[in-house]
Amino acid sequence: MPEGHTIHRIAKDHSPLLTGRPVAVSSPQGRFAADAALVDGQTLERIEAYGKHLFYWWSSGRVGHVHLGLFGKYRVHRGPGAVAPQGEVRMRLRTDLATIDLAGPTDCAIGTPDDRDAIVARLGPDPLRRDAKPAEALQRMARSKQPIGALLLDQKVMAGVGNAYRAEVLFVNAIHPLRPAADLSDAEREAVWATVVAMLRKGVKDNRIITIDRKEFPVPKGAPRRGDGTYVYFRDTCLRCGTPTGRLTLAGRDCYYCPACQPG
DNA sequence: ATACCATGAACAG
DNA sequence: TGTTCCTGGTATC
């Protein structure tokens, strides 16, 4: 389940298996079949991650776009062998090194560089990219009367934060989600950006969302379940102080917070 | 077998 | 603000 860290991690992990070689592109499920034919057999030059979006740069100049949404998921089968598709496989990418299947995306289409640019133009800076300009995000926050908890999910403010990171970023900065973004101090807004950068980077590294300080609260061995790596997100009580977490619907989703640690 | 839920976002009104 | 779409895992009968 994908916030920006997942997307960047996918680009990193899939690139060595797919780029620089011809790729058989198909759609076992069928809904991507016509688009698949447009690039089938071409060489994939690059996979680009931007916020929660993936762009596939094909040798013909076409650009594929994938957005996982809430449900989208990749399955990687290493090796040259044929693999039977499991479930609803919208897009299949196969090389001599691997077969990669995509199921459940919100968007999956072949377009042009202009289409790609139009999508990127709707996005704020991506904290995971070297070319990110934090000033744009800080400025949008400083000018908005919207609650900071709503703004953090707005991809044109910054691209890549989702529901889990929004809750955790506000928690570690002791900011109540309902505080209007414009009312935060400059230092607070800068701290929010810095925290987002650090958390997303760590998410890419860990390949999962772990925002808690391991020294203070060791993460249980094995794959943690959702909520095991967080202070307030998906938790009934605040990990730090034990107070029952609050939930506010902000930008249409439940925003978890600690009423004690994040004073209004 | 069925219901419900999820780290998302576009669209209608 | 509410509805819709995408899929599959887990919970509940």
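Treat the numbers as computed from the prediction; the structure is a model and nothing was measured. Naming: A, B, ... by sequence-line order, numbering from 1 per chain.
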> Would you indicate whether the side-chain heavy atoms of Glu3(A) and Arg166(A) approach each other to under 4.5 Å?
no

> To the nearest Å, give me how far apart CG (Asp101(A)) and C1' (dC6(C)) are.
16 Å

> Between dG9(C) and dA9(B), how far apart are the two P atoms, rounded to whole Å?
22 Å

> Roughly, in whole Å, what's the span from CG in Asp254(A) to P in dC4(B)?
17 Å

> At under 4.0 Å, does any side-chain N or O of Gln155(A) touch on OP1 or OP2 of dA9(B)?
yes

> Could you tell me how the ring of Phe234(A) sits relative to the ring of Tyr256(A): parallel (under 30°), tilted (30 to 60°) or perpendicular (over 60°)?
tilted

> Using the ring of Tyr231(A) (Phe, Tyr or Trp, six-membered ring only), decide whether Arg240(A) places NZ or CZ under 6.0 Å from its centre and within 45 degrees of its axis.
yes

> Less than 4.0 angstrom from a charged side-chain N to a carboxylate O is my criterion; do Asp236(A) and Arg247(A) meet it?
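Looking at Arg247(A) together with Asp236(A), the answer is yes, because their closest N to O distance falls below 4.0 Å.
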
> It should be established whether His67(A) places a side-chain nitrogen or oxygen under 4.0 Å from OP1 or OP2 of nucleotide dG8(B).
no

> When you get a sec, tell me which of dA6(B), dG9(C), dA10(B) is the closest nucleotide to the side chain of Arg75(A)?
dG9(C)

> Classify the ring geometry between His65(A) and Phe55(A) as parallel (under 30°), tilted (30 to 60°) or perpendicular (over 60°).
parallel

> For the pair made of CZ in Phe234(A) and P in dC5(B), what is the distance, rounded to whole Å?
10 Å

> With sugar-phosphate meaning primed atoms plus P, OP1 and OP2, does Arg166(A) contact a base, only sugar-phosphate, or nothing at under 4.0 Å between heavy atoms?
nothing

> Counting any heavy atom closer than 4.0 Å, what does Arg208(A) reach on the DNA or RNA strands: base, sugar-phosphate only, or nothing?
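The answer is nothing, as Arg208(A) stays clear of every strand by at least 4.0 Å.
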
> Can a side chain N or O of Arg122(A) be found less than 4.0 Å away from OP1 or OP2 on dA9(B)?
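No, no such contact exists.
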
> Send over the distance from Leu123(A) CG to dA9(B) P, rounded to a whole Å.
9 Å

> Write down the distance separating the C1' atoms in dC6(C) and dA1(B), rounded off to the nearest Å.
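Comparing C1' positions in dC6(C) and dA1(B) gives a spacing of 22 Å.
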
> Identify whether any heavy atom of Gln29(A) sits under 4.0 Å from a base atom; if not, whether one sits that close to sugar-phosphate; answer base, sugar-phosphate or nothing.
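Contact class for Gln29(A): sugar-phosphate only.
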
> For dT7(C), is there a stacking contact with Phe71(A), counting only centres under 5.5 Å and planes under 30°?
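Ring-base stacking flag set for Phe71(A) and dT7(C).
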
> Over how many whole Å does the gap from Leu153(A) atom CG to dA10(B) atom C1' extend?
15 Å

> Between atom CG in Leu102(A) and atom P in dG8(C), what is the gap in whole Å?
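To the nearest whole Å, that distance equals 10 Å.
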
> Have a look at Arg140(A) and tell me which of Lys156(A), Met158(A), Arg189(A) forms a side chain to side chain contact (heavy atoms under 4.5 Å, CB included) with it.
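In the set Lys156(A), Met158(A), Arg189(A), the residue that makes a side chain to side chain contact (heavy atoms under 4.5 Å, CB included) with Arg140(A) is Lys156(A).
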
> Using atom C1' in both nucleotides, what's the gap between dG8(C) and dA10(B) to the nearest angstrom?
22 Å

> Starting at CD1 of Ile119(A) and ending at P of dA10(B), how long is that distance when rounded to a whole Å?
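It works out to 10 Å between those atoms.
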
> Rounded to whole angstrom units, what separation is found between the CD1 atom of Ile209(A) and the C1' atom of dG8(B)?
13 Å

> Taking only side-chain nitrogens and oxygens of Arg253(A), does any of them come within less than 4.0 Å of OP1 or OP2 of dG8(B)?
yes

> Between Lys52(A) and dG8(B), is there a side-chain N or O to OP1/OP2 distance below 4.0 Å?
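So the side-chain polar atoms of Lys52(A) do come within 4.0 Å of the phosphate oxygens OP1 or OP2 of dG8(B), strictly under.
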
